[in-house]
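Predicted model, so just to flag it, every value in this text is computed and none were measured.
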Amino acid sequence: MKTVIYPGSFDPITNGHLDIIQRALKLFDTVIIAVLENNTKKTLFSTEERMALVKACTKGLKVEVETFSGLLVEFAKKKNCNTIIRGLRAVSDFDFEFQMNVINNSINKELETIFLMTSKEYFYLSSSVVKELASKSGDVSEYVPEEVNTALAKKYSERLP
Ligand code: ADP
């Protein structure tokens, strides 16, 4: 049984994340989606909301959705899993991921990170871009699953003065 951990903020989950999950499932039996809890970045959606959206959007897929806080290395140890999967888009992703990989590896040499290149249609897609667009009432329906589109519309309508 091959398992991989896919960690991230998922604020919110996008079609780019789903593409990585579906492709990871071709290589692994199960994907543990690890939603980062103690984010230093301020998130639009609470941990519970992010987790609920990930669950709703991955129904029927062989995934487990969990939250984690603290070190990813510790979470991986707790899950008895030595493989991490991450998506790579621009060169800026590479720089950050390279640093993270060096740090994670210095703590646990057994931990391997596998990188999947983004599919070309998701190259420019990020949760930040989706939030930016949705906050200005832009149409994000082609970038996110239906549930996320609805949640974004609700979130930003609540925020209106
Ligand atoms: P983080 O805050 O840890 O970067 P994200 O939720 O933004 O978490 O992303 C989680 C992972 O998914 C990262 O590896 C990121 O590079 C990847 N990812 C996000 N969007 C895309 C996309 N459009 N194509 C490929 N990978 C993506």
Side-chain angles (χ1 to χ4, degrees), residues 1-41 43-131 140 142-149 151:
M1 187 76 173
K2 287 187 294 168
T3 305
V4 71
I5 297 172
Y6 181 34
S9 311
F10 303 102
D11 184 40
I13 186 166
T14 67
N15 291 343
H17 292 125
L18 279 175
D19 177 57
I20 296 288
I21 294 165
Q22 274 153 352
R23 287 162 59 201
L25 282 169
K26 291 185 189 156
L27 306 169
F28 294 87
D29 301 304
T30 308
V31 176
I32 301 174
I33 305 172
V35 179
L36 184 61
E37 205 172 328
N38 71 339
N39 211 331
T40 43
K41 298 186 237 170
T43 55
L44 175 67
F45 292 98
S46 69
T47 308
E48 293 69 30
E49 289 171 327
R50 286 180 282 138
M51 177 119 165
L53 284 173
V54 171
K55 279 189 178 160
C57 301
T58 54
K59 261 202 196 104
L61 297 178
K62 277 219 75 203
V63 299
E64 286 170 31
V65 187
E66 301 211 15
T67 58
F68 82 104
S69 55
L71 290 178
L72 177 61
V73 186
E74 292 304 325
F75 178 78
K77 202 197 282 171
K78 201 176 81 190
K79 289 275 116 191
N80 230 338
C81 179
N82 268 335
T83 322
I84 306 292
I85 208 148
R86 297 281 289 174
L88 275 187
R89 283 159 299 180
V91 180
S92 51
D93 270 353
F94 176 85
D95 211 39
F96 175 75
E97 297 295 340
F98 190 78
Q99 284 178 35
M100 289 305 295
N101 195 33
V102 169
I103 293 167
N104 286 339
N105 253 293
S106 69
I107 306 173
N108 179 1
K109 281 202 167 30
E110 298 303 311
L111 195 68
E112 286 294 352
T113 306
I114 293 178
F115 296 99
L116 291 184
M117 293 299 290
T118 180
S119 299
K120 63 180 184 312
E121 55 270 48
Y122 304 123
F123 190 80
Y124 294 106
L125 182 54
S126 68
S127 299
S128 315
V129 163
V130 163
K131 284 182 282 190
V140 294
E142 66 178 287
Y143 307 123
V144 294
E146 186 64 44
E147 295 88 339
V148 175
N149 196 13

What pair of heavy atoms forms the shortest contact from [X] to [Y], and how long is it?
| X | Y | answer |
| --- | --- | --- |
| P12 | F45 | CB-CE1, 3.8 Å |
| S9 | V35 | O-CG1, 4.0 Å |
| Y6 | R86 | CE1-CA, 4.4 Å |
| N104 | V73 | OD1-CG2, 3.4 Å |
| I5 | A76 | CD1-CA, 3.6 Å |
| A90 | F123 | CA-CZ, 4.4 Å |

Inset, instruction - Take E97 and L88, measure what side-chain contact (heavy atoms from CB on, under 4.5 Å) needs, and give me the verdict at the end. - result: CA-CA 8 Å; E97 297 295 340; L88 275 187; 3.8 Å; yes
Legend entry - Inter- and intrachain pairs under salt bridge (charged side-chain N to carboxylate O under 4.0 Å, His left out), touching residues 54-72, at least two apart: E66-K79
To the nearest 0.5 Å, how far apart are [atom1] in [X] and [atom2] in [Y]?
| X | Y | atom1 | atom2 | result |
| --- | --- | --- | --- | --- |
| T118 | R23 | OG1 | CZ | 7.0 Å |
| L25 | K2 | CG | NZ | 11.0 Å |
| S127 | Y143 | OG | OH | 14.0 Å |
| L72 | L36 | CG | CG | 9.0 Å |
| R50 | I33 | CZ | CD1 | 13.5 Å |
| T83 | E110 | OG1 | CD | 10.5 Å |

Inset, instruction - Would you mind reporting whether V63 and V54 have side-chain heavy atoms less than 4.5 Å apart? - result: no
Inset, instruction - Please examine the side chains of N82 and N108, heavy atoms only from C-beta on, and report whether any two atoms are closer than 4.5 Å. - result: yes
Inset, instruction - Apply the test side-chain contact (heavy atoms from CB on, under 4.5 Å) to residues T14 and V129: give CA-CA distance (whole Å), side-chain angles for both, the deciding distance (0.1 Å), then the verdict. - result: CA-CA 10 Å; T14 67; V129 163; over 6 Å; no
Inset, instruction - State whether the number of non-hydrogen atoms from other residues, nucleotides or ligands found under 6.0 Å of F28 atom CZ is greater than 12. - result: yes
Legend entry - Salt-bridge present (D11, K131; N to O < 4.0 Å): yes
Do [X] side-chain atoms and [Y] backbone N/O form a donor-acceptor pair below 3.5 Å?
| X | Y | answer |
| --- | --- | --- |
| N149 | V140 | no |
| S119 | E121 | no |
| E49 | S46 | yes |
| D29 | T3 | no |

Inset, instruction - Would you check, one step at a time, whether the test side-chain contact (heavy atoms from CB on, under 4.5 Å) holds for L27 with L116? - result: CA-CA 11 Å; L27 306 169; L116 291 184; 4.2 Å; yes
Legend entry - Side-chain donor-acceptor contact under 3.5 Å, T67 with E37: yes
Inset, instruction - Could you tell me which residues satisfy side-chain hydrogen bond (donor to acceptor under 3.5 Å, both in side chains) with N105, sequence neighbours excluded, listed by chain and number? - result: N101
